[in-house]
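All values derive from a computational prediction rather than experimental measurement. Order of the sequence lines sets the chain letters (A, B, ...), proteins ahead of strands, with each chain counted from 1. Keep in mind that the numbers below use all heavy atoms, side chains included, and drop hydrogens, waters and symmetry copies.
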2 protein chains.
Amino acid sequence: MKKIFLKDIANELNLSKTAVSLVLNNRGDENKISKNTQKRILEFAQKHNYRPNQMARGLSLGKSETIGLIVPNISDIFYAKIASHIEYKAKEFGYNVVFSSSNEDAQTEHELISSMLNRQVDGLIIASTQKNQNEILKLKKSNFPFVLIDRHYPDIKTNYVIVDNFGGAKQMTEHLIGQGRTTIGLISIKSELDAMLQRKLGYQVAIKDNGMTPNSRAIKELNFFDYQSEMKKAIKAMVTGAKSVDAIVFTTHYLAASGLRELRSFGIDVPREVAIISFDELGAFDLVDPPISASRQPVKDIGNIAVEILVNQMEDKNEKIDNKRVLKTELLIRKSCGV
Amino acid sequence: MKKIFLKDIANELNLSKTAVSLVLNNRGDENKISKNTQKRILEFAQKHNYRPNQMARGLSLGKSETIGLIVPNISDIFYAKIASHIEYKAKEFGYNVVFSSSNEDAQTEHELISSMLNRQVDGLIIASTQKNQNEILKLKKSNFPFVLIDRHYPDIKTNYVIVDNFGGAKQMTEHLIGQGRTTIGLISIKSELDAMLQRKLGYQVAIKDNGMTPNSRAIKELNFFDYQSEMKKAIKAMVTGAKSVDAIVFTTHYLAASGLRELRSFGIDVPREVAIISFDELGAFDLVDPPISASRQPVKDIGNIAVEILVNQMEDKNEKIDNKRVLKTELLIRKSCGV
DNA sequence: CCAAATAACTAAACCGATTTAGTAAACAAA
DNA sequence: TTTGTTTACTAAATCGGTTTAGTTATTTGG
């Protein structure tokens, strides 16, 4: 069965392309195409498995029924899960998803946004590198529909769906304090990401609020591209010498996993000697030795809400464009912070 | 700065759309557009940040510079990693990636293929449900470029990139035998997937080859959509009663994780009482208690090779279309099978 | 010096849909 | 009987690119 076009249907049925197009777009009634003709068109199209060329359709309509998704890295389980929920929700609304990874690189992100706009995506969902303030401002000014997720620009009014990083980190730290830990370290990623700043802040505020002495030497910020080797040094510095810690807060899952590896290789007993807790988790954190406590992010809600906001915006251009959502994380207490 | 079109450039520079189009597609020289004119066009386009509308371009060229990727589930870390490598490699060749998840549903997969073809993707990479033999045959007959990954149809000659499931499973089982285990169970997913059949076969052949008595009761095949609750029963059946096992082979990572949870809840000492090993792994399998041995799949190679084969096919229609690659898995021995 | 070749372009068709602005025929109202 | 409506359509423009088939002016060869 070879490919069939609108024109073919029109010719075969001795009708115009207009009539066929109208009927196939469910606008036959309002355009007074007779019931009989509608039936003939529908049946013929069905029988020959007609599928409109979406490029032509998109060009004509100026839209593509596609949502662009830009994340730092699709192989990070956190973003993969969000992507999965976004895809699912988008399909409910009739949209496809094109994705790309920026690898935390501002220039790449810039090009991806550009490229997706050229491909006529109808809207964007971006977990930004947060190094493209101007780009995002331009997007906003052009009135193009988009939603930021996971990371947002505090200085720009935009739609966003993020989690309460400050509150989550504060809660984690307070839990450790409640367990009687007195010298709590923080291991994070060296980054301008607001999420990371907020997590550090949450940790610091918890420390101060509880009358403990903040110690900048207890805070290690590792280089993203080299965190594994820097982790070795960071852990060493934290567990040896006079000021060794009795607990560590990790600001993201892969740091916690890597940190635990190093703690083990130094022969540290977790949680007896050092308790640990992680912001966000990996799939098997409950199986790890010891099971790692974590503040879990609501990935499903992040994805669903982002799509809902975006679709609203795309389909009703009057929708306000600073729909802000800050979701709560969920504290999962496991053995790694001392029962 | 407002959007600029080919026509605008032509008008501003007093040239034809043809000239501008040719130059911007790097075909100025071969079409004898003077150096000076080329320079004017290029500079003007650059200065006004001209970006061609890919819908129009795609419609005209009959292609989209896009690869479609269909996987069972993008939130499975295995597919997420493959997706990431595919995206990276595709970009090297100038292609974008659209992805969708079939959720192991044949009908969904069918619709996704259809939808992607309508969107004029230039090629497809599919980790198929393996329930769409006809669909794949049609694709093949239409001469449309595609590559199967992870799962293939043994009865159809197509491009594919898979791993040696039989060999990997056999090797895993043999390792357990080498460790002195004598009653080895298998927990798999109830499925017609060739990959799963091959893994079971590898296990069975290893059992027989080593003079052990195959015992069909030692093989449990769980329902994909309900494996967590069925796991409880399966583990119970395996570790209680007369014929209890001293080792279990899991045919995929999430089964191993789930199985370990259940073994623990039954108070089984892994690996002393029951050793376990998993086909494929999750990110933190080395941190789990005990660290889980696994046969790791070469996700990067799977992605890279799939893209390479596909691009070859897309750009040279004469390329043969049964480029078959079977990659080796890598056995990672950890504590879960008894040091 | 004239015909053929070349350089440097361009007008218009085309890709496959949607949409605007009609039109012809049938019927109703005045 | 003529005008006005309604019904059931259609021709042609349009979206923004690419491409085919020329065109004109200048060189070159014999």
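- Checking B:R119 against A:T66 by side-chain atom types alone, a donor-acceptor pair falls below 3.5 Å.
- In this model, the phosphate group of D:dG17 is approached by a side-chain N or O of B:Y50 to a distance below 4.0 Å at OP1 or OP2.
- Evaluation of atom-type donor-acceptor distances gives no pair under 3.5 Å for the side chain of B:T18 against the base of C:dT10.
- As rounded to whole Å, 13 Å separates atom P of D:dC15 from atom CG of A:L61.
- Remark on DNA chain D: of its neighbouring residues B:A19 and B:M55, the 5'-side contact belongs to B:M55, judged by nearest-heavy-atom nucleotide.
- With sequence neighbours excluded, the residues that form a ring-ring contact (aromatic ring centres under 6.0 Å, His included) with A:F44 are A:H48.
- In this model, the phosphate group of D:dC15 is not approached by any side-chain N or O of A:R57 to a distance below 4.0 Å at OP1 or OP2.
- Residue B:F5 places its side chain closer to D:dG17 than to any other of D:dT19, C:dA8, D:dG17.
- Here A:L22 lies out of heavy-atom contact (under 4.0 Å) with every strand.
- Under 3.5 Å, the side chain of B:K17 and the base of D:dG17 form at least one donor-acceptor pair of N or O atoms.
- At the heavy-atom level, A:N14 lies under 4.0 Å from the strands shown only through sugar-phosphate atoms.
- Applying the 4.0 Å criterion to OP1 and OP2 of C:dT18, one finds that A:N25 has a side-chain N or O inside that range.
- With D:dT18, D:dT10, C:dA17 as the candidates, the nucleotide lying closest to the side chain of A:S16 is D:dT10.
- In this structure, the CZ atom of A:R51 is 13 Å from the P atom of C:dA17, given to the nearest Å.
- Of the side-chain N and O atoms in A:S60, none sit less than 4.0 angstrom from OP1 or OP2 of C:dT18.
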Writing each nucleotide of DNA chain C 5' to 3' as (, ), [, ], | or . by Watson-Crick or G-U pairing under 3.5 Å yields ||||||||||||||||||||||||||||||
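- Of the charged side-chain nitrogens involved, at least one lies within less than 4.0 Å of a carboxylate oxygen, so that B:E87 and B:K91 count as a salt-bridged pair.
- A:E109 and A:N132 share a side-chain donor-acceptor pair at under 3.5 Å.
- Salt bridge present: A:R57 and A:E65 bring a charged side-chain N and a carboxylate O closer than 4.0 Å.
- The phosphate of D:dT7 (OP1 or OP2) has a side-chain N or O of A:K32 nearer than 4.0 angstrom.
- Atoms CG (B:N11) and P (C:dA11) sit 11 Å apart, rounded to a whole Å.
- Atom NZ in B:K7 sits roughly 16 Å away from atom P in C:dT10 (whole-Å rounding).
- No hydrogens or angles considered: a donor-acceptor pair under 3.5 Å links the side chains of B:Y79 and B:D150.
- One can place CG of A:L6 at 16 Å from C1' of C:dC14, the figure rounded to the nearest angstrom.
- With no hydrogens or angles considered, a side-chain donor-acceptor pair links A:S34 and A:T37 at under 3.5 Å.
- The distance from atom CG of A:N31 to atom P of C:dT20 is 10 Å, rounded to the nearest whole Å.
- Across all strands shown, A:S21 has heavy atoms under 4.0 Å from base atoms, whether or not it also approaches the sugar-phosphate.
- Ring-plane geometry between B:F99 and A:F99 is classed as perpendicular, the angle between the planes exceeding 60 degrees on a 0 to 90 degree scale with a lower cut at 30.
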